[in-house]
Amino acid sequence: MIQPIEKILVTCAFPYANGEIHLGHLLEHIQADIWVRYQKMIGNEVYFVCSDDAHGTPIMIKSQQIGMCPEKMIAEIKIQHEKDFADFNIKYDNYHSTHSDENKKMVNLIYKRLKKNCLIKNQIITQFFDNKKNIFLPDRFVKGICPKCKSPNQYGDNCEVCGATYNSTDLIDPKSILSDTIPELRNSEHLFFDLPSFTEILKKWIKSGVLQDQILNKVQEWFDIGLKSWDISRDAPYFGFKIPGYSDKYFYVWLDAPIGYMSAFENLCKKNNKINFEEFWNKNSKTKIYHFIGKDIIYFHSLFWPALLEGSSFRKPNKIFVHGYVMINGSKMSKSKGTLITAKTWLRNLDTDSLRYYYATKISSNIEDINLNLNDFINRINNDIVNKIVNIASRNASFITKYFNNKLANKIEDPELYKTFLDQSDEIGKHLLNCDFKFAMKKIIYMADIANSYIDKKAPWIIAKEKGASNDLHAICSMGINLFRILITCLKPIMPLLGDRVELFLKSKLNLIAIRIPLINHEINSYENLYVRIEQSKIENLLKESKENF
């Protein structure tokens with residue numbers, strides 16, 4: 001399925017620069033990477049960028065706790081994050097930081113434009129202050145009872161139970177996370193972005209196809225309640241960019257974080273002068289911008305972010321793909337249960353392709369949570385990848401090696417079946433483009449079953465014993481190898497390491513153009529095991545190590 005070339009910019013939500021990458025982060029980055037890889041396979045010009053989210057009070061406090069300046073701490077964590085993503089074969093064209101010259105410049109530019117357009121207002125607010133720590137408390141540093149559903153132990157900005165958003169001062173029985181004391185209320189002048197003035201523009205934008213239907217319904221609830229002006233400033237002490245004209249005011253991290261999408265791309269443009277920043281971000285751009293995010297930050301990306309862009313005369317994104325949370329064996333990831341599994345812990349016990357594939361079998365265009373059931377994981381990998389897909393190659397290649405000196409026949413046995421597989425590869429591609437990965441994986445396994453049934457029916461092990469049937473055996477086994485080639489080409493964005501091994505085995509690159517023509521009169525390598533079964537002991541070691549880490 002080869003389409004006209006489009007120019008596309010893709011981003012993931014930025015991981016926060018105060019902790020390790022874990023399986024929750026990896027869901028989103030793997031999802032986006034699969035999508036990007038397929039877009040590139042069909043010939044589109046795609047740039048994939050990300051950054052560390054490097055500002056805010058938590059960064060400042062953690063750096064104080066470990067006795068390191070925040071600049072050094074975030075630099076070291078960025079190196080760790082980049083390595084973790086690279087180890088999972090997530091191929092960013094650029095990985096940057098929100099604590100950068102480009103981001104500071106872009107934040108100030110957008111702020112200047114918003115202020116010029118009379119979209120910034122000053123207002124005295126009342127907020128919580130921790131007397132013991134001598135600091136104004138960010139919303140996430142206050143916990144209490146949700147004012148809407150009365151759920152206990154909720155943060156000061158939103159409820160994880162009912163999804164309500166509110167001010168931290170609305171919490172019932174609030175407490176400071178830093179000192180476990182009851183905070184007092186103090187007044188301070190803050191700067192607000194006039195979000196309500198964009199109500200009609202945003203209503204039209206969210207209905208343009210940019211959001212999934214489930215998300216659209218949720219965002220509509222916020223419109224029904226009425227949009228509120230957005231506090232974009234924070235008081236010192238704070239780690240971030242100072243607001244021009246103030247000595248003790250900083251831009252709120254959620255102002256400069258999404259602007260980091262732009263600055264990470266601008267940094268890429270500096271490295272590659274063939275890419276034009278304005279072509280992607282100017283008001284009338286014909287390029288495409290896609291964001292991949294978790295459902296916990298919908299509000300920022302569906303309301304604040306597009307309003308900021310509109311108010312500062314930049315273009316808005318074309319699509320926001322939203323996913324749910326990762327559950328481990330049906331429960332939230334937990335340090336105490338040993339199920340907060342980091343990228344490094346996974347890599348010490350299991351391969352990366354296996355997680356990429358399992359996530360792909362769960363990801364759809366809906367936003368339901370993804371359950372990583374570890375027993376199901378073992379069965380899915382061993383049955384789907386080893387028993388069904390890789391088995392197609394192993395049961396045919398031995399005959400090609402033994403009887404035909406590793407050379408495929410000059411024809412395939414069933415051209416109609418080959419065409420059916422090509423047609424199905426186009427359908428698989430449509431599912432991948434729509435982020436309905438689980439339907440693509442189901443179709444791949446369905447086709448693998450057909451390929452195995454074909455081999456069962458033709459029974460090359462019987463034909464090999466018959467005299468004068470050499471040509472039939474050659475054509476049948478070459479047919480099996482070619483069906484395998486189509487399936488692995490479809491799987492290549494999901495399992496890139498397996499794809500690499502298969503390319504060595506076939507002595508041929510896997511791409512969507514090449515598979516339109518069968519591989520005939522072509523020498524392949526002798527078969528060597530392409531994938532190893534996962535043993536239960538690997539999962540036991542994984543959980544044991546995860547628990548020991550915390």
Side-chain angles (χ1 to χ4, degrees), residues 1 34 38 353-364 373 375-400 408-409 412-432 434 436-464 472-473 475-499 501-502 505-506 510 512 515-516 518-519 524 527 529-534:
M1 185 174 65
I34 291 171
Y38 190 77
D353 271 3
S354 60
L355 184 66
R356 291 175 65 103
Y357 177 76
Y358 191 78
Y359 275 166
T361 66
K362 299 286 186 176
I363 292 170
S364 73
N373 181 299
N375 287 326
D376 179 55
F377 164 79
I378 294 174
N379 293 332
R380 188 71 67 97
I381 299 303
N382 290 345
N383 289 332
D384 288 2
I385 305 304
V386 179
N387 295 348
K388 292 185 177 182
I389 295 174
V390 170
N391 190 44
I392 301 169
S394 64
R395 66 197 307 208
N396 287 281
S398 59
F399 295 106
I400 299 293
L408 300 177
I412 54 174
E413 196 270 342
D414 191 339
E416 281 302 312
L417 180 58
Y418 190 84
K419 183 180 182 303
T420 297
F421 267 59
L422 287 179
D423 292 342
Q424 290 301 312
S425 74
D426 291 342
E427 292 300 312
I428 290 165
K430 290 176 183 177
H431 288 313
L432 292 175
N434 291 331
D436 281 320
F437 296 170
K438 72 177 184 180
F439 299 116
M441 298 308 102
K442 285 180 179 178
K443 192 167 282 291
I444 287 173
I445 297 306
Y446 171 70
M447 300 310 294
D449 286 339
I450 291 176
N452 279 300
S453 295
Y454 166 82
I455 301 303
D456 291 340
K457 182 179 177 181
K458 297 296 181 178
W461 50 90
I462 294 176
I463 296 175
D472 290 341
L473 177 65
I476 289 167
C477 293
S478 296
M479 179 73 186
I481 294 295
N482 271 280
L483 297 181
F484 170 74
R485 174 175 171 244
I486 293 175
L487 292 176
I488 294 295
T489 300
C490 294
L491 265 179
K492 188 179 178 183
I494 295 95
M495 304 182 73
L497 295 182
L498 175 59
R501 290 193 290 273
V502 171
F505 162 57
L506 295 179
L510 300 171
L512 295 169
I515 60 171
R516 309 315 289 188
L519 210 56
I524 62 174
Y527 180 82
N529 193 12
L530 293 169
Y531 206 86
V532 178
R533 296 176 65 84
I534 296 176

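- From Leu422, atom CG reaches atom CG of Leu483 across 9.5 Å, with rounding to the nearest 0.5 Å.
- Proximity of Thr489 to Ser425: side-chain heavy atoms (C-beta onward) are nowhere separated by under 4.5 Å.
- The closest side-chain heavy-atom distance from Leu497 to Arg356 is not below 4.5 Å.
- Nearest heavy-atom pair, Ser478 versus Ile400, reported as atom, atom and distance to 0.1 Å: OG-CD1, 3.8 Å.
- Side-chain contact between Ile381 and Tyr531 is present, with at least one heavy-atom pair separated by less than 4.5 Å.
- In this view, Phe505 and Tyr527 satisfy the ring pair (Phe, Tyr, Trp, His ring centres under 6.0 Å) rule, not counting sequence neighbours.
- The structure places NZ of Lys457 at 8.5 Å from CG of Asp414, a figure rounded to the nearest 0.5 Å.
- From Ile450, atom CD1 reaches atom OG1 of Thr420 across 8.0 Å, with rounding to the nearest 0.5 Å.
- Considering all non-hydrogen atoms of both residues, Tyr358 and Phe377 come closest at CE1-CA, 3.5 Å.
- The pair Glu416-Lys419 does not count as a salt bridge, with every side-chain nitrogen at least 4.0 angstrom from each carboxylate oxygen.
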The test is side chain to side chain contact (heavy atoms under 4.5 Å, CB included); show your working for Leu487 and Phe421 and say whether it passes. CA-CA 8 Å; Leu487 292 176; Phe421 267 59; 4.1 Å; yes

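- The two residues Ala360 and Ile34 come nearest to each other via the heavy atoms CB-CD1, 4.2 Å.
- Considering CG of Asp423 and OH of Tyr418, their distance stands at 11.5 Å, rounded to 0.5 Å.
- Not a single ring pair (Phe, Tyr, Trp, His ring centres under 6.0 Å) links Phe484 to another residue, sequence neighbours left out.
- Counting only heavy atoms from C-beta outward, the side chains of Thr361 and Phe437 never approach each other to under 4.5 Å.
- Rounding to the nearest 0.5 Å places CD of Glu427 at 10.5 Å from CE of Met447.
- Using a 4.5 Å heavy-atom threshold, the side chains of Leu473 and Lys458 count as separate.
- Between atom CD1 of residue Ile444 and atom CD1 of residue Ile494 there is a gap of 5.5 Å, rounded to the nearest 0.5 Å.
- Checking side-chain atoms of Asn452 against main-chain N and O of Lys388 turns up a donor-acceptor pair under 3.5 Å.
- Using a 4.0 Å cut-off between charged side-chain N and carboxylate O, Asp426 and Arg516 make a salt bridge.
- A donor-acceptor pair shorter than 3.5 Å can be found between the side chains of Tyr454 and Glu413.
- For the residue pair Asn383 and Asn387, a side-chain donor N or O sits within less than 3.5 Å of a side-chain acceptor on the partner.
- Side-chain contact of Asp384 with Tyr357: a donor-acceptor pair under 3.5 Å is present, judged by distance alone.
- The shortest non-hydrogen separation linking Leu498 to Leu530 is CD1-O, 3.7 Å.
- Here the closest non-hydrogen pair linking Pro493 and Cys490 is CD-O, 3.3 Å.
- Ionic pairing of Arg395 and Asp456 is present here: one or more N-O contacts between side-chain nitrogen and carboxylate oxygen are shorter than 4.0 angstrom.
- Taking every heavy atom of both residues into account, Ile481 and Ala393 meet most closely at CD1-O, 4.0 Å.
- Put simply, the side chain of Asn482 gets close to the backbone of Leu519: a donor and an acceptor are under 3.5 Å apart.
- For the pair Asn396 (side chain) and Met479 (backbone), a donor-acceptor distance under 3.5 Å is absent.
- Between the Asn373 side chain and the Asp376 main chain, a donor and an acceptor come within less than 3.5 Å of each other.
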